[in-house]
Asker: 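Got a structure for you, written out below as structure tokens; questions coming shortly.
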Amino acid sequence: MILRPMTADEFPAYREIFIKEYADDIASLRGCSEADALTRATSSIDLTLEQGVNTPQNRLLCIASPAEDTLGYLWLVVSGQTVWISDFYIYPQWRDQGLGAEALELLGNVLMVEGITEIGLRVATQNGAAKHLYEKAGFAVTGFNMSKSLI
């Protein structure tokens with residue numbers, strides 16, 4: 001497995017996946033309509049990654065096989081010696097094969113060489129598989145995200 005920078009040509013496919021997955025999370029967690037969730041997810045990625053793969057402090061990576069087949073994606077935000085995983089996606093056909101754990105281990109090794117001392121992330125409450133993966137990889141709960149709808 002390798003982690004390589006995402007190209008500008010690969011970004012639209014990733015953006016489409018992110019919007020769909022994030023909209024599903026928003027709709028299920030916040031109880032809003034699919035249309036509203038889609039609008040929120042689209043706005044989120046378009047505002048946050050205004051310059052696509054060239055957005056400062058953001059790293060978009062492809063998780064790839066040695067043959068360069070794209071297995072998934074990582075979206076990282078770098079702040080000093082800390083990296084935040086904004087998104088971690090493995091294509092469904094590659095799940096349950098240990099690739100998520102392998103990608104996290106590889107990411108940790110790469111980041112340590114760069115002087116990064118901490119990796120953070122958020123897990124949706126209903127995503128038990130991801131929570132299990134992160135705990136197995138050594139991540140610990142450091143708090144809870146909470147929200148209140150004002151509409």
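Residue indices begin at 1 and follow the sequence shown.
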Asker: Hydrophobic clusters here meaning ILVMFWY residues chained together by side-chain heavy-atom distances under 4.5 Å, can you tell me if Leu121 and Leu29 are in one?
Answerer: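 No, because Leu121 and Leu29 fall into different hydrophobic clusters, even though each may have its own neighbours under 4.5 Å.
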Asker: Under the 3.5 angstrom rule, does the side chain of Ser28 hit a backbone N or O of Asp25 as a donor-acceptor pair?
Answerer: yes
Asker: Please walk me through it: do Arg15 and Thr42 pass side-chain contact (heavy atoms from CB on, under 4.5 Å)?
Answerer: CA-CA 9 Å; Arg15 180 183 172 274; Thr42 302; 3.5 Å; yes
Asker: Should the ring pair Phe88 and Tyr134 be called parallel, tilted or perpendicular, given that the plane angle runs from 0 to 90° and is split at 30 and 60?
Answerer: tilted
Asker: When rounded to the nearest 0.5 angstrom, what distance separates CG in Asn58 from CH2 in Trp75?
Answerer: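 Rounded to the nearest 0.5 Å, the CG-CH2 separation comes to 6.5 Å.
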Asker: Nearest 0.5 Å, what's the OH-CG distance between Tyr14 and Leu60?
Answerer: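 Taking OH in Tyr14 and CG in Leu60, the distance rounds to 6.5 Å.
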Asker: In Å and rounded to the nearest 0.5 Å, what is the CG to CZ distance from Leu38 to Arg40?
Answerer: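 CZ of Arg40 is found 12.0 Å from CG of Leu38.
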Asker: List the steps, then state whether side-chain contact (heavy atoms from CB on, under 4.5 Å) holds for Leu106 with Glu102.
Answerer: CA-CA 6 Å; Leu106 179 57; Glu102 187 178 343; 5.6 Å; no
Asker: Please report the shortest heavy-atom distance between Glu10 and Pro5, naming the atom on each side.
Answerer: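 Reported closest heavy-atom pair: OE1-O, 4.2 Å.
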Asker: Taking C-beta and beyond as the side chain, do Glu105 and Asn109 meet within less than 4.5 Å on heavy atoms?
Answerer: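 With C-beta onward as the side chain, the pair touches.
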Asker: If the plane angle is over 60° it's perpendicular, under 30° parallel, otherwise tilted; pick one for Tyr91 and Tyr89.
Answerer: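 Rings of Tyr91 and Tyr89: perpendicular, as their planes differ by over 60°.
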Asker: Hey, could you give me the OG1/CZ distance between Thr142 and Arg122, rounded to the nearest 0.5 Å?
Answerer: 12.5 Å
Asker: Check this for me: Glu21, atom CD, are more than 12 non-hydrogen atoms of other residues, nucleotides or ligands nearer than 6.0 Å?
Answerer: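 Result for CD/Glu21: enclosed.
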Asker: Check Gly100 against Leu133 and note the closest heavy-atom contact, atom names and distance.
Answerer: C-CD1, 3.9 Å
Asker: Apply the test side-chain contact (heavy atoms from CB on, under 4.5 Å) to residues Phe18 and Leu49: give CA-CA distance (whole Å), side-chain angles for both, the deciding distance (0.1 Å), then the verdict.
Answerer: CA-CA 12 Å; Phe18 175 86; Leu49 293 175; over 6 Å; no
Asker: Can you confirm whether Asp96 is buried at CG, in the sense that more than 12 heavy atoms of other residues, nucleotides or ligands lie under 6.0 Å from that atom?
Answerer: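 Atom CG in Asp96 is not packed in, count stays at 12 or less.
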Asker: Under 4.5 Å between side-chain heavy atoms, counting indirect links through other Ile/Leu/Val/Met/Phe/Trp/Tyr residues: same cluster for Met112 and Ile116 or not?
Answerer: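 Not linked; separate clusters.
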Asker: What are the two closest heavy atoms between Thr55 and Glu50, and how far apart are they?
Answerer: OG1-N, 3.7 Å
Asker: According to salt bridge (charged side-chain N to carboxylate O under 4.0 Å, His left out), who are the partners of Asp69, at least two apart in sequence or on a separate chain?
Answerer: none
Asker: Are the charged groups of Glu16 and Lys20 less than 4.0 angstrom apart, N to O?
Answerer: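 The answer is no: the pair does not qualify as a salt bridge.
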Asker: Supply the atom-to-atom distance Leu99 CG to Ile90 CD1, rounded to the nearest 0.5 angstrom.
Answerer: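 Result: 6.0 Å between the selected atoms.
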Asker: For Leu3 and Ala103, which heavy atoms make the closest approach, and how far apart are they?
Answerer: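 It is CD1-O, 4.3 Å.
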Asker: How close do Val77 and Ser86 get, counting heavy atoms only, and between which atoms?
Answerer: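 Residues Val77 and Ser86, closest heavy atoms: CG2-OG, 3.3 Å.
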Asker: Starting at CG of Asp87, measure out to CG of Leu74 and round the result to the nearest 0.5 Å.
Answerer: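 Here the interatomic distance stands at 8.0 Å.
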Asker: Can you name the closest pair of heavy atoms from Leu111 and Arg59 and give their distance?
Answerer: CD2-NH1, 3.9 Å
Asker: Within the distance-only criterion (no hydrogens, no angle test), does the side chain of Ser33 pair as donor or acceptor with the backbone N or O of Asp36 below 3.5 angstrom?
Answerer: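 Yes; at least one donor-acceptor contact below 3.5 Å.
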Asker: Would a single hydrophobic cluster contain both Leu71 and Ile2, if residues Ile, Leu, Val, Met, Phe, Trp and Tyr are joined by side-chain heavy-atom contacts under 4.5 Å?
Answerer: no
Asker: How about CD on Gln97, more than 12 heavy atoms from neighbouring residues, nucleotides or ligands closer than 6.0 Å, or not?
Answerer: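 Count over threshold, so yes.
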Asker: Check step by step if side-chain contact (heavy atoms from CB on, under 4.5 Å) holds for Leu107 and Leu76.
Answerer: CA-CA 10 Å; Leu107 176 65; Leu76 310 174; 3.7 Å; yes
Asker: Within the side chain of Thr48, is there an N or O that forms a donor-acceptor pair under 3.5 Å with the backbone of Ser44?
Answerer: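 Yes, Thr48 side chain to Ser44 backbone: donor-acceptor pair under 3.5 Å.
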